[in-house]
There are 2 protein chains.
Amino acid sequence: MTTPSDLASAIKAARRALKLRQAELAAAAGVGVRFLVELEAGKPTAQVGKMLAVLGALGLDCQLVPRSGKAPERRSP
Amino acid sequence: MTTPSDLASAIKAARRALKLRQAELAAAAGVGVRFLVELEAGKPTAQVGKMLAVLGALGLDCQLVPRSGKAPERRSP
DNA sequence: AGTAAAATATCCCGGTCGGGAATTTTGCTA
DNA sequence: TAGCAAAATTCCCGACCGGGATATTTTACT
(Lines give C-alpha, C1' and ligand atoms only; values in the text may rest on other atoms or scores of the structure.)
Protein backbone atom coordinates (compact mmCIF):
# COMPACT_ATOMS: atom_id res chain seq x y z
CA MET A 1 0.00 0.00 0.00
CA THR A 2 2.43 2.61 -1.20
CA THR A 3 0.62 4.51 -3.90
CA PRO A 4 -2.91 5.86 -4.34
CA SER A 5 -3.40 3.24 -7.06
CA ASP A 6 -2.59 0.41 -4.70
CA LEU A 7 -5.06 1.80 -2.22
CA ALA A 8 -7.62 2.13 -4.97
CA SER A 9 -7.34 -1.49 -6.07
CA ALA A 10 -7.48 -2.74 -2.52
CA ILE A 11 -10.60 -0.75 -1.78
CA LYS A 12 -12.32 -1.80 -4.97
CA ALA A 13 -11.47 -5.43 -4.29
CA ALA A 14 -12.75 -5.19 -0.73
CA ARG A 15 -16.00 -3.61 -1.86
CA ARG A 16 -16.55 -6.33 -4.45
CA ALA A 17 -15.75 -9.02 -1.91
CA LEU A 18 -18.61 -7.63 0.17
CA LYS A 19 -20.84 -7.44 -2.90
CA LEU A 20 -21.53 -3.77 -2.33
CA ARG A 21 -22.34 -1.29 -5.05
CA GLN A 22 -20.54 2.04 -5.16
CA ALA A 23 -23.69 3.90 -4.16
CA GLU A 24 -24.25 1.60 -1.20
CA LEU A 25 -20.72 1.84 0.10
CA ALA A 26 -20.70 5.58 -0.45
CA ALA A 27 -23.89 5.96 1.56
CA ALA A 28 -22.61 3.70 4.34
CA ALA A 29 -19.40 5.70 4.55
CA GLY A 30 -21.14 9.05 4.37
CA VAL A 31 -19.38 10.15 1.20
CA GLY A 32 -20.57 10.98 -2.28
CA VAL A 33 -20.58 8.46 -5.10
CA ARG A 34 -18.24 10.59 -7.12
CA PHE A 35 -15.73 10.57 -4.34
CA LEU A 36 -15.77 6.80 -4.21
CA VAL A 37 -15.44 6.55 -7.99
CA GLU A 38 -12.38 8.77 -7.95
CA LEU A 39 -10.93 7.04 -4.91
CA GLU A 40 -11.23 3.68 -6.66
CA ALA A 41 -9.66 5.25 -9.72
CA GLY A 42 -6.58 6.08 -7.67
CA LYS A 43 -6.97 9.83 -7.59
CA PRO A 44 -4.21 11.07 -5.28
CA THR A 45 -6.08 14.17 -4.21
CA ALA A 46 -8.85 12.39 -2.36
CA GLN A 47 -9.29 13.47 1.24
CA VAL A 48 -7.79 11.31 3.96
CA GLY A 49 -10.74 11.58 6.32
CA LYS A 50 -13.22 10.34 3.77
CA MET A 51 -10.86 7.61 2.65
CA LEU A 52 -10.71 6.39 6.25
CA ALA A 53 -14.49 6.58 6.45
CA VAL A 54 -14.69 4.30 3.42
CA LEU A 55 -12.26 1.86 4.99
CA GLY A 56 -14.37 1.91 8.13
CA ALA A 57 -17.49 1.15 6.15
CA LEU A 58 -15.64 -1.78 4.59
CA GLY A 59 -14.69 -3.09 8.00
CA LEU A 60 -11.04 -2.41 7.31
CA ASP A 61 -8.40 -0.78 9.41
CA CYS A 62 -5.15 0.87 8.35
CA GLN A 63 -1.83 -0.21 9.82
CA LEU A 64 1.54 1.48 9.40
CA VAL A 65 4.40 -0.97 9.01
CA PRO A 66 8.09 -0.55 8.20
CA ARG A 67 8.77 -0.95 4.53
CA SER A 68 10.24 -4.09 3.12
CA GLY A 69 13.32 -2.36 1.78
CA LYS A 70 13.23 -0.21 4.83
CA ALA A 71 15.32 2.79 3.69
CA PRO A 72 13.17 5.90 3.71
CA GLU A 73 12.44 7.14 0.21
CA ARG A 74 14.11 10.42 -0.43
CA ARG A 75 12.64 12.91 -2.84
CA SER A 76 15.40 12.65 -5.50
CA PRO A 77 17.58 9.55 -5.04
CA MET B 1 -5.49 3.66 12.48
CA THR B 2 -9.13 4.54 12.14
CA THR B 3 -9.30 8.31 12.33
CA PRO B 4 -7.24 11.15 10.89
CA SER B 5 -6.09 11.91 14.43
CA ASP B 6 -4.70 8.42 14.88
CA LEU B 7 -2.85 8.75 11.63
CA ALA B 8 -1.58 12.15 12.69
CA SER B 9 -0.13 10.86 15.97
CA ALA B 10 1.46 7.88 14.28
CA ILE B 11 3.12 10.08 11.68
CA LYS B 12 4.37 12.55 14.23
CA ALA B 13 5.74 9.76 16.39
CA ALA B 14 7.47 8.15 13.41
CA ARG B 15 9.04 11.43 12.38
CA ARG B 16 10.34 12.03 15.88
CA ALA B 17 11.68 8.51 16.08
CA LEU B 18 13.75 9.33 13.01
CA LYS B 19 14.78 12.67 14.53
CA LEU B 20 13.57 14.56 11.51
CA ARG B 21 12.33 18.13 11.56
CA GLN B 22 9.05 19.00 9.86
CA ALA B 23 10.87 20.95 7.18
CA GLU B 24 13.20 18.04 6.47
CA LEU B 25 10.46 15.47 6.23
CA ALA B 26 8.34 17.79 4.13
CA ALA B 27 11.21 18.31 1.70
CA ALA B 28 11.97 14.59 1.54
CA ALA B 29 8.33 13.83 0.83
CA GLY B 30 7.93 16.63 -1.67
CA VAL B 31 5.19 18.41 0.24
CA GLY B 32 4.95 21.82 1.86
CA VAL B 33 5.71 22.36 5.54
CA ARG B 34 2.23 23.65 6.11
CA PHE B 35 0.75 20.48 4.75
CA LEU B 36 2.80 18.42 7.16
CA VAL B 37 1.79 20.64 10.05
CA GLU B 38 -1.86 20.17 9.23
CA LEU B 39 -1.44 16.46 8.59
CA GLU B 40 0.18 16.02 12.00
CA ALA B 41 -2.66 18.06 13.46
CA GLY B 42 -5.13 15.48 12.16
CA LYS B 43 -6.72 17.55 9.44
CA PRO B 44 -9.17 15.17 7.74
CA THR B 45 -9.09 17.00 4.44
CA ALA B 46 -5.45 16.33 3.68
CA GLN B 47 -4.85 14.66 0.34
CA VAL B 48 -4.22 10.93 0.27
CA GLY B 49 -1.40 11.07 -2.27
CA LYS B 50 0.64 13.49 -0.26
CA MET B 51 -0.06 11.60 2.92
CA LEU B 52 1.32 8.45 1.26
CA ALA B 53 4.32 10.43 0.06
CA VAL B 54 5.00 11.38 3.67
CA LEU B 55 4.69 7.77 4.77
CA GLY B 56 7.09 6.80 2.03
CA ALA B 57 9.60 9.38 3.19
CA LEU B 58 9.28 7.93 6.68
CA GLY B 59 9.99 4.45 5.39
CA LEU B 60 6.50 3.33 6.30
CA ASP B 61 3.97 1.34 4.38
CA CYS B 62 0.22 1.17 4.80
CA GLN B 63 -1.57 -2.14 5.29
CA LEU B 64 -5.30 -2.79 5.22
CA VAL B 65 -6.41 -5.30 7.82
CA PRO B 66 -9.83 -6.52 8.95
CA ARG B 67 -11.06 -4.63 11.96
CA SER B 68 -10.97 -6.09 15.42
CA GLY B 69 -14.71 -5.93 15.89
CA LYS B 70 -15.02 -6.80 12.25
CA ALA B 71 -18.60 -5.69 11.51
CA PRO B 72 -18.50 -2.95 8.88
CA GLU B 73 -19.38 0.42 10.34
CA ARG B 74 -22.63 1.68 8.99
CA ARG B 75 -23.35 5.37 8.70
CA SER B 76 -26.11 5.49 11.36
CA PRO B 77 -26.19 2.26 13.42
C1' DA C 1 -29.81 -8.54 -29.36
C1' DG C 2 -32.10 -5.72 -26.29
C1' DT C 3 -32.84 -3.62 -22.02
C1' DA C 4 -32.12 -2.21 -17.35
C1' DA C 5 -28.82 -1.23 -13.87
C1' DA C 6 -24.30 0.33 -12.62
C1' DA C 7 -20.21 2.82 -13.27
C1' DT C 8 -17.94 6.97 -15.04
C1' DA C 9 -17.39 11.91 -16.79
C1' DT C 10 -19.06 16.96 -16.74
C1' DC C 11 -20.65 21.86 -14.51
C1' DC C 12 -19.85 25.33 -11.02
C1' DC C 13 -18.66 27.01 -6.23
C1' DG C 14 -16.35 26.69 -1.81
C1' DG C 15 -12.30 25.04 0.34
C1' DT C 16 -7.45 23.54 0.42
C1' DC C 17 -2.42 23.69 -0.89
C1' DG C 18 1.93 26.08 -1.57
C1' DG C 19 5.58 29.63 -0.32
C1' DG C 20 7.71 33.16 2.80
C1' DA C 21 7.60 36.06 7.07
C1' DA C 22 6.08 36.88 11.67
C1' DT C 23 4.72 34.93 16.14
C1' DT C 24 4.39 31.47 19.66
C1' DT C 25 6.10 27.29 21.79
C1' DT C 26 9.65 23.97 23.05
C1' DG C 27 13.79 22.53 25.18
C1' DC C 28 18.42 23.22 26.53
C1' DT C 29 22.15 25.54 28.99
C1' DA C 30 24.42 28.71 32.06
C1' DT D 1 15.20 30.20 37.30
C1' DA D 2 16.00 32.99 33.56
C1' DG D 3 17.10 33.48 29.05
C1' DC D 4 18.15 32.30 24.34
C1' DA D 5 18.04 29.62 20.02
C1' DA D 6 15.75 26.32 17.25
C1' DA D 7 11.47 24.42 15.93
C1' DA D 8 6.67 24.55 15.27
C1' DT D 9 2.53 26.99 14.02
C1' DT D 10 -0.12 30.83 11.84
C1' DC D 11 -1.21 34.38 8.22
C1' DC D 12 -2.03 36.13 3.21
C1' DC D 13 -2.98 35.25 -1.71
C1' DG D 14 -3.29 32.84 -6.23
C1' DA D 15 -4.42 28.41 -8.48
C1' DC D 16 -6.33 23.89 -8.36
C1' DC D 17 -9.22 20.17 -6.23
C1' DG D 18 -13.63 18.00 -3.79
C1' DG D 19 -18.74 17.67 -3.73
C1' DG D 20 -23.72 17.16 -5.35
C1' DA D 21 -26.81 16.45 -9.51
C1' DT D 22 -27.22 15.29 -14.16
C1' DA D 23 -25.96 13.16 -18.66
C1' DT D 24 -23.52 9.53 -20.94
C1' DT D 25 -21.18 5.28 -21.48
C1' DT D 26 -20.20 0.61 -20.01
C1' DT D 27 -21.53 -3.75 -17.92
C1' DA D 28 -24.44 -7.64 -17.07
C1' DC D 29 -28.26 -10.58 -17.52
C1' DT D 30 -32.32 -12.70 -19.97
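In the text below, chain A, chain B and the rest are named by the order of the sequence lines, each starting its count at 1.
- What separates NZ of B:Lys19 from P of D:dA7 is a distance of 13 Å, to the nearest Å.
- By the salt bridge (charged side-chain N to carboxylate O under 4.0 Å, His left out) test, B:Lys50 pairs with no residue at all, sequence neighbours left out.
- Looking at B:Arg15, its side chain does come within 3.5 Å of a backbone N or O of B:Leu20 through a donor-acceptor pair.
- In this structure, B:Val33 shares a hydrophobic cluster with B:Val37, the cluster being traced through Ile, Leu, Val, Met, Phe, Trp and Tyr side chains under 4.5 angstrom apart.
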Can you build the contact string for nucleotides 7-19 of chain C? Use B for base contact, S for sugar-phosphate-only contact, and - for no protein heavy atom under 4.0 Å.
SB-BB----SBBB
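- Listed for the A:Glu24 side chain is a donor-acceptor partner under 3.5 Å among the backbone atoms of A:Arg21.
- When every heavy atom of B:Leu52 is checked against every heavy atom of A:Thr2, the shortest pair comes out as CB-O, 3.7 Å.
- Atom-to-atom, CD of A:Glu24 to P of C:dA6 comes out at 8 Å; the value is rounded to the nearest Å.
- Residue B:Met51 holds its CE atom at 5.0 Å from CG of B:Leu7, rounded to the nearest 0.5 Å.
- When the side-chain hydrogen bond (donor to acceptor under 3.5 Å, both in side chains) test is applied to A:Gln22, the partners found at least two apart in sequence or on another chain are A:Glu40.
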Could you write out each protein N or O paired with an N or O of nucleotides 23-25 of chain D at a distance under 3.5 Å?
none

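- With sequence neighbours excluded, the residues satisfying side-chain hydrogen bond (donor to acceptor under 3.5 Å, both in side chains) with B:Thr3 are B:Asp6.
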